[in-house]
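Every heavy atom of this structure was used, including side-chain atoms; hydrogens, water molecules and symmetry mates were not. Whatever order the structure lists ligands and atoms in, that order sets their numbers, starting from 1.
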Amino acid sequence: MVAGLQIDNLSVRYAARSETTPALRHLSLTLPPGSSVGICGDSGSGKTTLARSIPRLLPASASTSGSIRFDGSDLLQYSSEQLRSIRGCALATFRRNRPLP
Ligand SMILES: Nc1ncnc2c1ncn2[C@@H]1O[C@H](COP(=O)(O)OP(=O)(O)OP(=O)(O)O)[C@@H](O)[C@H]1O
Ligand SMILES: [Mg+2]
């Protein structure tokens, strides 16, 4: 198991009427526990989309592929209830202070 945050091949598209807009393409990054990273880029390059994709707070029009692992568990496979239980604490503080559900 890899501790911390590991994002692999993350892509996000937004659906709007008849077309979809690619917002992130094949993004990967690894963030060990206790570390931080700054994200910079032009307006529209996907910074907010990336930040919202980790706690799964993207709008319903977004479709996501790839994997976002937190302490080895893929957040994209979590139920709403499982996500709620880690968003405000373990994920926000980037600490594992209780067992993941
Ligand atoms: N809810 C949405 N519906 C459709 N397209 C969206 C939505 N949110 C963002 N996008 C599109 O996704 C792409 C990435 O947008 P995002 O807001 O993530 O960029 P950003 O880097 O945070 O920009 P900024 O610096 O202006 O805040 C852009 O092409 C944007 O138009
Ligand atoms: Mg933004």
For [atom], grab the closest protein heavy atom and report residue, atom and distance to one decimal in Å.
atom                    : answer
atom 17 (O) of ligand 1 : T48 CB, 3.9 Å
atom 19 (O) of ligand 1 : G46 N, 3.2 Å
atom 25 (O) of ligand 1 : K47 NZ, 2.7 Å
atom 2 (C) of ligand 1  : Y14 CD2, 3.6 Å
atom 13 (C) of ligand 1 : G44 O, 3.6 Å

Polar contact flag, side-chain donor to acceptor under 3.5 angstrom, Y14-S63: no
Any heavy atom of S45 sitting closer than 4.0 Å to ligand 1?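 Yes, that is the case, since the closest heavy atom of the residue is under 4.0 Å from the ligand.
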So, for atom 31 (O) of ligand 1, does the protein have a heavy atom nearer than 4.0 Å?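 So far as the 4.0 Å threshold goes, atom 31 (O) of ligand 1 is out of reach of every protein heavy atom.
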Which is closest to atom 18 (O) of ligand 1 by heavy-atom distance: L50, I39, T49?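 When every heavy atom of L50, I39, T49 is considered, T49 comes closest to atom 18 (O) of ligand 1.
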To the nearest 0.5 Å, what is the distance between OG (S53) and CG (L76)?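 Nearest 0.5 Å value for the OG-CG distance: 7.5 Å.
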List every atom of ligand 1 that sits less than 4.0 Å from any heavy atom of D42, numbering the atoms from 1 in the order shown and giving each element. 21 (O)
Please could you name the atoms of ligand 1 that P59 approaches to less than 4.0 Å, counting only its heavy atoms? 1 (N)
Check whether any side-chain N or O of [X] sits under 3.5 Å from a backbone N or O of [Y] as a donor-acceptor pair, and report yes or no.
X   : Y   : value
R69 : D8  : no
R13 : T21 : no
S67 : D74 : no

What is the total of protein N/O/S atoms that are closer to the Mg ion (ligand 2) than 2.8 Å?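 That number is 1, waters not included.
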Checking contacts here: is it the side chain or the backbone of S43 that comes within 4.0 Å of ligand 1, counting heavy atoms only? Could be both or neither.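 Both the backbone and the side chain of S43 come within reach of ligand 1.
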